[in-house]
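Structure record follows, encoded as structure tokens.
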Amino acid sequence: MTFAATMLTLYPEMFPGPLGVSLAGRARDDGKWSLEVVQIRDFAIDKHRTVDDTPAGGGAGMVLRADVLGASIDHARTHNPVSPIIAMTPRGKPLTQARVRELASGPGVIILCGRFEGFDERIFAARGVEEVSIGDIVLSGGEPAAIMLLDACIRLLPGVMGAASSGTEESFEQGLLEYPHYTRPVEWEGRTIPEVLRSGDHAKIAGWRKAQSEIDTRLRRPDLWERHQGARVQSASGARHEQKEPG
Ligand code: SAM
């Protein structure tokens, strides 16, 4: 099945952009995902092709009109009938690898890229739009955020990544950051590759990687570490409960 991506944007020329090369570009050439780019302005209803208007209540900037957005989403729906509709917004739910995995296992995605001050609020409830943020930063438009989200999905599509394991061992997949990597030369500017990685002892290497992954997560991302610890406690107490069930 081809993962169908539909982008709604005022700047269609930004796509496929980086998604046209390397892994994502090859995957698209191989038919593993498809891209439709919709110009929101094509759904303007006046002769000036206006897509925005001043904010109700006053204030700086311009707001994307709900009627124009609604018509562009309805058009996208005719080609991409069941995919979730996502709007890139700084106040949206922060994107996680777990959500990326869910999206990648589905039929595709319709993504609304904002500009100016953003979207008329009414569009979200009216079209069942999920808001997603790529971090606590403000971009000038939703296109780079949409490209990020799509890139993260595409690499997880079946057959896109070379080594079968390379997806599941990575950062965030087990709730932890990934362990450090090294490659030749063994010594560089007086720094050497840790002895254990040269030992050939696979069990020892796995143990070292697990420990490093835990140390890095604890030091760099205490928030992730806390969640990981919480999940471990929960699954251990779940297992204890199961053991107590009469057999
Ligand atoms: N007025 C908005 C606010 O303060 O939250 C910022 C609008 S921003 C200049 C224009 C567009 O860029 C947004 O509508 C959204 O589509 C996109 N954007 C900016 N930052 C983003 C982020 N962190 N995550 C996802 N999209 C973002």
Side-chain angles (χ1 to χ4, degrees), residues 3-20 24 33 35-45 49-77 80 83-104 106 108-156 171-172 220-221 223-224 227:
F3 181 88
T6 307
M7 298 296 118
L8 303 180
T9 174
L10 289 171
Y11 295 97
E13 61 274 27
M14 287 196 181
F15 296 95
L19 301 176
W33 69 286
L35 177 66
E36 186 195 5
V37 185
V38 175
Q39 168 58 274
I40 295 172
R41 201 173 290 285
D42 289 347
F43 299 87
I45 48 183
R49 303 181 79 215
T50 311
V51 294
D52 56 347
D53 210 332
T54 53
M62 299 294 274
V63 178
L64 287 165
R65 291 170 56 127
D67 51 359
V68 178
L69 292 169
S72 68
I73 292 174
D74 295 343
H75 166 82
R77 263 274 171 258
N80 196 344
S83 296
I85 305 169
I86 289 179
M88 306 313 307
T89 70
R91 69 168 202 186
K93 197 164 173 191
L95 186 60
T96 61
Q97 188 64 13
R99 183 65 185 126
V100 165
R101 221 166 242 291
E102 277 172 11
L103 290 169
V109 66
I110 295 173
I111 306 184
L112 264 177
C113 303
R115 283 274 152 181
F116 322 124
E117 286 308 314
F119 307 96
D120 183 307
E121 183 69 20
R122 293 169 290 184
I123 198 64
F124 303 123
R127 293 294 185 278
V129 177
E130 170 188 345
E131 290 183 67
V132 170
S133 164
I134 54 127
D136 293 345
I137 53 168
V138 179
L139 304 168
S140 54
E143 291 79 6
I147 287 170
M148 257 182 66
L149 189 158
L150 256 190
D151 180 90
C153 290
I154 291 164
R155 61 190 289 285
L156 295 181
S171 293
F172 314 115
R220 292 168 189 235
R221 292 290 303 273
D223 56 322
L224 281 185
R227 223 175 305 150

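Counting begins at 1 with the first residue of the sequence. Counting starts at 1 for both ligands and their atoms, following the listed order.
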Quick check: does Gly135 get an N/O under 3.5 Å from an N/O on ligand 1?
yes
Any side-chain heavy atom of Val109 sitting closer than 4.5 Å to one from Trp33?
no
At a 4.0 Å threshold, what atoms of ligand 1 neighbour a non-hydrogen atom of Val132?
25 (C)
Side chain or backbone of Asp136 under 4.0 Å from ligand 1, or both, or neither, by non-hydrogen atoms?
neither
In terms of atom number and element, which parts of ligand 1 are under 4.0 angstrom from non-hydrogen atoms of Gly118?
14 (O)
Only heavy atoms of Glu117, strictly under 4.0 Å: list the atoms of ligand 1 that pass.
1 (N), 2 (C), 7 (C)
Are the side chains of Phe43 and Ile73 in touch, meaning some heavy atoms are under 4.5 Å apart?
no
Sequence neighbours left out, what passes salt bridge (charged side-chain N to carboxylate O under 4.0 Å, His left out) with Glu130? Give chain and number order.
Arg99
Shortest protein heavy-atom distance from atom 20 (N) of ligand 1, along with the residue and atom involved
Leu139 N, 3.0 Å
Angle between ring planes, Phe119 versus Phe124, binned at 30° and 60°: parallel, tilted or perpendicular?
perpendicular
Looking at Ser133 and Gly135, would you say the former's side chain and the latter's main chain have a donor-acceptor pair under 3.5 Å?
yes
Please work out which of Ala60, Gly61, Gly142, Gly114 has its closest non-hydrogen atom nearest to atom 14 (O) of ligand 1.
Gly114
Between Pro90, Pro144, Ser140, which one has a non-hydrogen atom sitting closest to atom 22 (C) of ligand 1?
Pro90
Taking non-hydrogen atoms only, is Leu112 closer than 4.0 angstrom to ligand 1 via side chain, backbone, both or neither?
neither
If you define the side chain from C-beta out and look only at heavy atoms, does anything of Leu139 sit under 4.5 Å from Ile134?
yes
Closer than 4.0 angstrom: is that true for some heavy atom of Arg91 and an atom of ligand 1?
no
Does Asn80 offer a backbone N or O that forms a donor-acceptor pair with the side chain of Arg77 under 3.5 Å?
yes
Are any of the N or O atoms of Ala145 closer than 3.5 Å to those of ligand 1?
no
Do any nitrogen or oxygen atoms of Phe116 come within less than 3.5 Å of a nitrogen or oxygen of ligand 1?
no
Using the test salt bridge (charged side-chain N to carboxylate O under 4.0 Å, His left out), find all partners of Arg221 that sit at least two apart in sequence or belong to another chain.
Asp223
Could you tell me, atom by atom, which parts of ligand 1 come under 4.0 Å of a heavy atom of Ser133?
23 (N), 24 (N), 25 (C)
Checking side-chain contact (heavy atoms from CB on, under 4.5 Å) against Gln39, which of Leu10, Leu8, Thr9 comes through?
Leu10
Counting non-hydrogen protein atoms only, what is the nearest one to atom 15 (C) of ligand 1? Give residue, atom name and distance.
Met88 O, 2.9 Å
Is there a protein heavy atom at a distance of less than 4.0 Å from atom 24 (N) of ligand 1?
yes
Given the rule in the side chain to side chain contact (heavy atoms under 4.5 Å, CB included) test, do Arg65 and Asp120 qualify, once you have shown the distances and angles that lead to the verdict?
CA-CA 6 Å; Arg65 291 170 56 127; Asp120 183 307; over 6 Å; no
Non-hydrogen side-chain atoms of Leu150 and Met7 separated by less than 4.5 Å
yes
Using a 4.0 Å heavy-atom cut-off, which part of Ala87 comes near ligand 1: side chain, backbone, both, or neither?
neither
Taking distance alone, with N or O pairs closer than 3.5 Å, would you say Phe119 contacts ligand 1?
no
